[in-house]
J.: 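Structure incoming, see below.
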Amino acid sequence: MGVLDGKVAIVTGAGRGIGRGEALLLASHGARIVVNDLGGEWDGTGADQRPAQLVVDEIAAAGGEAVANYDNVASDEGGEAMLQTALEAFGKLDICVNNAGILRDKTLAKLTEDLWDPVIDVHLKGTYCVTRPAYNHMRAREQGGVIINTSSTSGLNGNFGQTNYGAAKAGIWGFSRCLAIEGQKAGIRVYILAPVALTRLTEDLAGMGEMKEKLDPALVSPLVVYLASELAKDQTGTTFFVGGGRIAEMRMVTAKGVTKTDEGGLWTAEEIAARMSEIVLPG
């Protein structure tokens with residue numbers, strides 16, 4: 001018996017890397033999988049049905065059930081088609097894992113619109129386009145559900161040369177935090193991942209090649225299985241760093257700060273400067 005027996009999951013960007021590992025491990029724990037992947041290059045160009053189909057074949061060879069879907073996450077039609085694929089193949093949808101992503105890194109001084117728009121479209125708009133029909137289906141079924149969205153330390157902590165990617169990933173975090181609140185009444189749990197792994201998107205980043213064994217994408221997948229299962233039913237809205245064997249919660253933290261009570265609470269710039277050590281978090 002698997003912890004996900006009888007469940008149906010969509011995993012986007014599941015033809016390679018982190019998504020592939022998630023799809024394989026979810027299937028090994030009993031879930032039936034819609035393996036979505038447009039099959040494009042790391043920068044989002046092109047298309048190829050082979051990566052998704054290979055993962056479907058791998059799941060089937062291991063005794064699991066899966067179907068391929070090649071739709072683009074960055075369109076309403078694509079998101080609706082993914083849900084329809086799940087319904088036609090398995091009759092329902094319980095789990096939605098948004099993992100699909102691309103990179104077009106440049107510093108802001110060199111960042112043009114053709115490098116900005118596709119990254120925002122695939123990550124942020126793609127999360128919306130896939131999640132909305134999945135969420136509405138889960139609400140209509142009235143049996144709860146799980147949505148797992150992929151953010152990044154680039155969006156939550158920042159990273160040089162990734163203002164487009166960081167903006168998209170930070171947006172996914174905000175989207176997910178709001179949706180976790182909205183979904184509580186319907187029993188729909190929402191989680192955020194900030195994974196670190198060596199994939200074709202990260203292999204050229206400084207120092208990543210030296211960490212190949214420690215940053216195996218497969219090390220992200222066990223957390224996804226846990227979150228998708230009933231074992232995590234009290235953790236909705238939580239953000240997790242995961243990678244290299246480490247799992248840790250990440251939070252937006254507000255310092256205690258200082259409240260001015262005179263002058264109607266109106267500060268001067270000089271007063272703010274004098275109290276800054278009490279306003280900012282230590283360290």
Side-chain angles (χ1 to χ4, degrees), residues 9-26 33-56 66-86 93 95-105 115-135 146-152 154-155 162 164-173 175-176 179 190-203 217 220-221 224 227-228 242:
I10 290 172
V11 183
T12 70
R16 303 180 178 95
I18 292 173
R20 173 181 174 274
E22 292 168 342
L24 291 173
L25 198 62
L26 288 166
I33 312 294
V34 176
V35 178
N36 162 262
D37 205 302
L38 181 66
E41 298 298 325
W42 62 269
D43 63 353
T45 58
D48 185 350
Q49 295 186 357
R50 288 174 296 178
Q53 188 58 52
L54 286 171
V55 175
V56 169
V67 293
N69 174 278
Y70 315 110
D71 285 291
N72 188 340
V73 299
S75 71
D76 281 335
E77 294 81 7
E80 294 285 356
M82 278 176 236
L83 173 61
Q84 195 59 36
T85 298
L93 178 67
I95 302 158
C96 178
V97 183
N98 286 296
N99 167 77
I102 65 170
L103 285 181
R104 294 194 181 187
D105 290 355
L115 301 176
W116 174 273
D117 286 349
V119 172
I120 300 299
D121 283 351
V122 172
H123 291 277
L124 184 53
K125 184 181 177 184
T127 297
Y128 156 76
C129 288
V130 176
T131 299
R132 187 182 58 81
Y135 177 79
V146 175
I147 295 167
I148 302 172
N149 293 331
T150 307
S151 183
S152 171
S154 293
Q162 291 194 313
N164 54 356
Y165 181 76
K169 289 302 193 181
I172 290 170
W173 182 84
F175 172 93
S176 304
L179 188 61
V190 182
Y191 306 101
I192 307 104
L193 301 183
V196 177
L198 184 65
T199 69
R200 63 184 184 145
L201 266 66
T202 60
E203 62 186 0
V220 174
S221 307
V224 173
L227 295 175
V242 56

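Fair warning: this is a prediction, and the values are worked out from it, not measured in the lab. Numbering starts at 1 and runs along the sequence shown.
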J.: Measure across Ala68 and Thr85 and return the closest heavy-atom pair with its distance rounded to 0.1 Å.
T.: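 Scanning both residues completely, I find the closest heavy atoms to be O-CG2, 4.2 Å.
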J.: What's the separation between atom OH in Tyr165 and atom CG in Leu103, rounded to the nearest 0.5 Å?
T.: 6.0 Å
J.: Could you pull out the closest heavy-atom pair between Ala170 and Ser151, with the gap in Å?
T.: N-OG, 4.4 Å
J.: Are the side chain of Asn72 and the backbone N or O of Leu38 linked by a donor-acceptor pair below 3.5 Å?
T.: no
J.: For Ile10 and Asn69: C-alpha separation, side-chain torsions, deciding distance, then whether side-chain contact (heavy atoms from CB on, under 4.5 Å) applies.
T.: CA-CA 9 Å; Ile10 290 172; Asn69 174 278; over 6 Å; no
J.: Distance from Thr12 atom OG1 to Asn36 atom CG, nearest 0.5 Å?
T.: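 CG of Asn36 is found 5.5 Å from OG1 of Thr12.
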J.: Could you tell me whether a side-chain N or O of Lys169 sits under 3.5 Å from a main-chain N or O of Thr150, the two making a donor and an acceptor?
T.: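 Between the backbone of Thr150 and the side chain of Lys169 there is a qualifying donor-acceptor contact (under 3.5 Å).
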J.: Could you please spell out the steps behind the side-chain contact (heavy atoms from CB on, under 4.5 Å) verdict for Gln162 and Val119?
T.: CA-CA 10 Å; Gln162 291 194 313; Val119 172; over 6 Å; no
J.: Ignoring hydrogens, what is the shortest heavy-atom contact between Asn164 and Leu115? Give both atom names and the distance.
T.: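 In this case the closest contact between Asn164 and Leu115 is ND2-O, 3.1 Å.
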J.: For the CD1 atom of Ile147 and the OG1 atom of Thr131, what is their distance to the nearest 0.5 Å?
T.: 5.5 Å
J.: Looking only at heavy atoms, what is the nearest atom pair of Val35 and Ala66, with distance?
T.: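 The pair with the smallest heavy-atom distance is CG2-CB, 4.3 Å.
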J.: Decide yes or no for Leu93 and Val34: does some side-chain heavy atom of the first lie under 4.5 Å from some side-chain heavy atom of the second?
T.: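 Heavy-atom side-chain distance check fails, nothing below 4.5 Å.
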J.: Mind listing the closest non-hydrogen atom pair of His123 and Ala100 along with its distance?
T.: ND1-O, 3.9 Å
J.: So, taking the atom named CD in Glu80 and the one named OG in Ser75, what distance separates them when rounded to the nearest 0.5 Å?
T.: 9.5 Å
J.: Rounded to the nearest 0.5 Å, what separation is found between the SG atom of Cys129 and the CG atom of Asp71?
T.: 11.5 Å
J.: Are side-chain N/O atoms of Asn149 and Thr127 paired as donor and acceptor at under 3.5 Å?
T.: no
J.: Locate the shortest heavy-atom distance separating Ala14 from Ala23; write the atom from each residue and the value.
T.: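 Taking Ala14 first and Ala23 second, the nearest heavy atoms are CB-CB, 4.1 Å.
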J.: Please examine the side chains of Leu193 and Val224, heavy atoms only from C-beta on, and report whether any two atoms are closer than 4.5 Å.
T.: yes
J.: With a 4.5 Å cut-off on side-chain heavy atoms, are Val67 and Val56 touching?
T.: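 Sidechains of Val67 and Val56: no contact.
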J.: Only one of Arg16, Arg20, Glu22 clears side chain to side chain contact (heavy atoms under 4.5 Å, CB included) with Ile18; which?
T.: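 Per the side chain to side chain contact (heavy atoms under 4.5 Å, CB included) rule, the option paired with Ile18 is Glu22, out of Arg16, Arg20, Glu22.
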J.: Is there a side-chain contact (heavy atoms from CB on, under 4.5 Å) between Ser221 and Leu24 once you walk through the steps?
T.: CA-CA 9 Å; Ser221 307; Leu24 291 173; over 6 Å; no
J.: Please enumerate all residues that pass salt bridge (Lys or Arg N to Asp or Glu O under 4.0 Å) together with Asp48, with sequence neighbours excluded.
T.: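 Expected list: Arg50.
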J.: Within this structure, what is the CD1-CZ distance for the pair Ile120 and Arg104, rounded to the nearest 0.5 Å?
T.: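 Here the rounded value is 12.0 Å.
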J.: For Ala52, is there any backbone N or O sitting under 3.5 Å from a side-chain donor or acceptor partner on Asp37?
T.: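 No.
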